[in-house]
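Whatever order the structure lists ligands and atoms in, that order sets their numbers, starting from 1. From a predicted model like this one, the values you see are computed outputs, not experimental measurements.
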Amino acid sequence: MIQGVDSNKQGLVKKIYDAEQDHIFRYWDELDPTQRNNLLTQLEEVDFDLLTTLNSDLIHGSKKNGLAGNLEPAEFIKLPKTQDEEVRFEKAKTAGEEALRAGRVAAFLVAGGQGSRLGFDGAKGKFPISPVKNKTLFQLHAEKILASSKKYGVTIPWYIMTSLLNHAETETFFKENDFFGLNSSDVVFFTQAMIPALDPDGKLVMDARDNIFRNPNGHGGSLAALKTSGALDDMKRRGIDLISYFQVDNVLIKICDPVFIGFHVLQEAEMSAKIVVKTDPAEKVGVVGFMDGELGVIEYSDLSEADETARNGDGSLKFQAGSIAIHIFNAEFVERETDGGLNLPWHLAHKKIPYLNENGELVNPESPNAYKFETFVFDALGHAKSTVILEVDRREEFSPVKNAEGSDSPDTARKDMVAQYKRWLQHAGHDLTKGGNHAKLEISPLFANDPDELQEKLSGDKNLGDYWG
Ligand code: UTP
């Protein structure tokens, strides 16, 4: 046993030995009291029983390949084509607007991820993205929330989930920018939990003498974090029962979309999802569907080639409901879903994780060497008693910044934003084929947050050029 541990921490030390993780004390004798405390504090948060199960089930067991079972596609509400369908959408919009005006809706951003593919040095939300003003993702989201709050004459509180990786810098960024015009008391930050990675032998990975490698527990961790942080209670106090969930990297996100909220409310759904129709079988996006009868998102790697390319009679793909990570939750559903902790399955990812070698030197491996565990929020779909799955126009609602270059990059996101602004201007009656090069163009959400608002703002306007900044 190791020396110099307070008597009240002896139980923890025993647990670590019992779990055969005592290699993490290898440098104990070299650590100063602060470092020792640092290490023990991290270990106190570790659920060793969970790790033992994940090691046996996921790394070594039968659940390793995450077999998805019998797969069936899910029905969804299609974009309106007929007049009747237009009327149905208008009704949904009216119901959604009523819920917004009644102050029932909160915006909920998950921003605890590592953003490793983008390779940006800092929280992803701080990435400057807008085509002309170079506004950050956080500022764009904030301005959309401010615009909707003004439009519906309410305060739409904004809950932001971060993780240990970016919590402090996110809060500081908002403070430095005066919360982008929002009331600081209506922006609520909280962190999600972290979970350690394991090596192929089921051992914790040390990346410093006083540190074990941990990652945020996936966006599925947002549900438990809403509960444990007190955010759900805060919502209750504010009279919020509908939570509009979005991710930090989608530049076209319609936050608190009344149509989506309306369908959700009218159909008495507990958790809903927006989808875009997948037309290219090879597109690497999960699809909403049933796995052994349970609704969820089928990962693209779980679709056989035959399923991936299978088509319906009308030529559309059989599995076409591409998941875009936009949801609405009932606060009550989140309460039930998190009763007793995080109630979602864990997924495994084989990753390159920095570690200390036998000489105590830090190594950044060139190939995957250990396993990370994550939960996915869409796995909660199968637990909802009722769900709305709503198709949206990809060009208007989905363009994520995932990679530094190529597809889903800052470059494609800016192009998609400019294309959207041009469509909106055309809708407002302005012919952009004449005069000027509009390769760069930007409309602030505070000026107009949708095409109809833009049309209204510009009606009777003789000189659009006045607005060119
Ligand atoms: P991604 O799955 O794209 O991951 O997250 P990421 O961390 O942003 O980027 P990579 O994969 O490392 O390149 C989608 C959304 O879910 C959030 C992210 O912040 C993003 O808004 N997320 C992801 C969390 O909040 N917590 C997590 O543990 C994981």
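Listed by number with element, the atoms of ligand 1 under 4.0 Å from a non-hydrogen atom of Met161 are 25 (O). Close contacts between ligand 1 and Lys124 involve ligand atoms 8 (O) [criterion: under 4.0 Å to a heavy atom]. Here is the list of ligand 1 atoms found below 4.0 Å of a heavy atom in Ser116: 9 (O), 10 (P), 12 (O), 13 (O). Atoms of ligand 1 lying under 4.0 Å from at least one heavy atom of His219, given by number and element, are 16 (O), 26 (N), 27 (C), 28 (O), 29 (C). Listed by atom number, the atoms of ligand 1 under 4.0 Å from Gln192 heavy atoms are 24 (C), 25 (O), 26 (N), 27 (C), 28 (O).
A distance-only check finds a donor-acceptor pair linking the side chain of Gln192 to the backbone of Gly218 [under 3.5 Å]. Of the possible polar contacts, one joining the Thr375 side chain to the Asn217 backbone as a donor-acceptor pair under 3.5 Å is found.
Results of the ring-ring contact (aromatic ring centres under 6.0 Å, His included) test with Trp158 over Phe180, Phe108, Phe190, Phe174 single out Phe174 as the only residue that passes. The ring-ring contact (aromatic ring centres under 6.0 Å, His included) test with Phe329 is passed by exactly one of Phe378, Phe260, Tyr245: Tyr245.
Below 3.5 Å of separation, one finds no N or O of Leu118 facing any N or O of ligand 1.
Under 4.0 angstrom from ligand 1, the non-hydrogen atoms of Ala111 all belong to its backbone.
A salt bridge is absent between Lys274 and Asp393: the closest approach of a Lys/Arg side-chain nitrogen to an acidic carboxylate oxygen does not fall below 4.0 angstrom.
By the 4.0 Å heavy-atom criterion, Ser163 is excluded from the residues contacting ligand 1. Using a 4.0 Å heavy-atom cutoff, Gly221 is absent from the residues neighbouring ligand 1.
The nearest non-hydrogen atom to atom 2 (O) of ligand 1, considering only Gln247, Arg117, Glu374, comes from Arg117.
Residue pairs meeting the salt bridge (charged side-chain N to carboxylate O under 4.0 Å, His left out) criterion with at least one partner in residues 278-287, sequence neighbours excluded, are Glu283-Arg394.
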